[in-house]
2 protein chains.
Amino acid sequence: MATTAKKPPMSKDSLLPLLMGHVLAHGLGQASLRPLAKAAGTSDRMLIYHFGSKEALIADLLTHIAGVYAAMLDAALAASPRPGNRAELLAGLLAQNGDPAMQPFQMLWWEIVAGSARDLPGFRAAAQAMVTKLLGWLEAQMPAGEPDPAGGARFLLTAIEGAAMLAAVGHPDTAQDGLLAGGLLQA
Amino acid sequence: MATTAKKPPMSKDSLLPLLMGHVLAHGLGQASLRPLAKAAGTSDRMLIYHFGSKEALIADLLTHIAGVYAAMLDAALAASPRPGNRAELLAGLLAQNGDPAMQPFQMLWWEIVAGSARDLPGFRAAAQAMVTKLLGWLEAQMPAGEPDPAGGARFLLTAIEGAAMLAAVGHPDTAQDGLLAGGLLQA
DNA sequence: TCGAATCTGTAGCGAATGCTACATCATCTT
DNA sequence: AAGATGATGTAGCATTCGCTACAGATTCGA
């Protein structure tokens, strides 16, 4: 009689989005099996069954997150008009990074960077995938008439990531000022 | 008879350098009381006694690390000649960041950034202190005749941190290429 | 239909976690 | 000398950790 859905068959693919939600909300550092399982509506027992180990779960989860990120960029690329110049592109990127909706993703990103720096299993690959994707997206978004789109995209990427880091440590204006002084932004 | 030193009185100040050594070697994420105590030649019991709680210990440790970092920059400032131009300064900074001896510090740095992004107690303050110190150091190191040393320092800081992040995630050349394309480095 | 393979729940294990109770020892004041 | 104060060791507690053993349940092919 009850409206409870009986059999949505559980699988990695059905679990990963729920796990991602928990990790976005609470961070990777505090991600232990029982809370993760609770967030996904299962038990730690099942997580181990499907993923084999926590280490494998985290690795799978990171690749899934990288995939979601890539899809987001693809959607953004299809939706947004090509900016007219570098400053406009950079300003848009900074605004998007600063968007509160992006904050959980940003916080997760720094945990991935830290894990990548320590070469924890799965972290380096996910971080590289996301950076590579972002770099490609940037090249595609470079304004028409750029003499060196690849180099320009790499330049912007470096600036964006530096700005994101400074924002993360509570120097929100420092990067803005620097990019203005460097002529990458217009007042 | 034995040459064992009996009473070096234990204190926060005597413990912090040893704790820092352990954290540089193994990371903050795996820093639990018993291993930390072992590295410092004590017991978890004593760490709690001196610091009150693990949370307070970590906060004290981060402040200490920020102080050590500041002292390192002061020493470097006194020792190094003023570079002749921005590209020279930037190249020197990138080389220093890439130095293998700096790698433990870099890995720790990303953990601090991640903690700061999540606003873990003590992390934001330590990160801000270090960034502020580095920014001041950069301003003092800006080549003579710079029209806007403060803005230039912020610009370089953004670039350096972006480059460091890209190196941490296994894109070691991307930032280099970008900074070349951006005219901040000379080939 | 029936056996086999695939799922899932319950219960728990051994280790590690942060922290505490209690007793002991050293030192310092009066 | 006597007591007070601070420092240290031993032992343990309650909780959480990743993971496993075991037993039902379910599903699917023969």
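Note on naming: letters A, B, ... go to the chains in the order of the sequence lines (proteins, then strands), and numbering restarts at 1 for each one. Any value given below was found using the heavy atoms of this structure, including those in side chains, with hydrogens, waters and symmetry copies removed.
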Exercise. Below 4.5 Å, heavy atoms only, C-beta onward: do A/Leu57 and A/Leu36 meet side chain to side chain?
Worked result: yes
For this session: Have a look at A/Ser53 and say if it touches a base, only the backbone sugar-phosphate, or nothing, with a 4.0 Å heavy-atom cut-off.
Result: sugar-phosphate
Exercise. Out of C/dG9, C/dT6, C/dT17, which nucleotide sits closest to the side chain of A/Tyr49?
Worked result: C/dT6
For this session: Could you give me the CA-CA distance, side-chain angles and deciding distance for B/Asp74 and B/Lys133, then say whether salt bridge (Lys or Arg N to Asp or Glu O under 4.0 Å) is met?
Result: CA-CA 9 Å; B/Asp74 282 337; B/Lys133 184 77 190 182; 3.1 Å; yes
Exercise. Hey, what bend do you get for the helix from C/dC2-D/dG29 to C/dT30-D/dA1 if you fit axes on five pairs at each end, rounded to 10°?
Worked result: 0°
Exercise. Is B/Leu108 close to B/Glu111 at the side-chain level, that is, under 4.5 Å between some pair of heavy atoms?
Worked result: yes
For this session: May I ask you to decide if the ring planes of B/Trp110 and A/Trp110 are parallel, tilted or perpendicular, using 30° and 60° as cut-offs?
Result: parallel
Seminar exercise, completed: Of the listed D/dT8, C/dT8, D/dC19, the closest approach to the A/Leu33 side chain comes from D/dC19
Exercise. Nearest of D/dC13, D/dC19, C/dT8 to any side-chain atom of A/Ile48?
Worked result: D/dC19
Problem set entry | Whichever of B/Arg45 and B/Pro35 has its nearest DNA chain C nucleotide further upstream toward 5' | B/Pro35
Exercise. If you measure only the distance, is there a donor-acceptor pair under 3.5 Å linking the side chains of B/Ser116 and B/Arg124?
Worked result: yes
Exercise. Backbone N or O of A/Ala59 within a donor-acceptor pair of the A/Thr63 side chain at under 3.5 Å?
Worked result: yes
Exercise. Within the pair A/Ser32 and D/dC17, is there a side-chain N or O less than 4.0 Å away from OP1 or OP2?
Worked result: yes
Exercise. Do A/Asp44 and D/dC17 share a donor-acceptor pair, side chain to base, under 3.5 Å?
Worked result: no
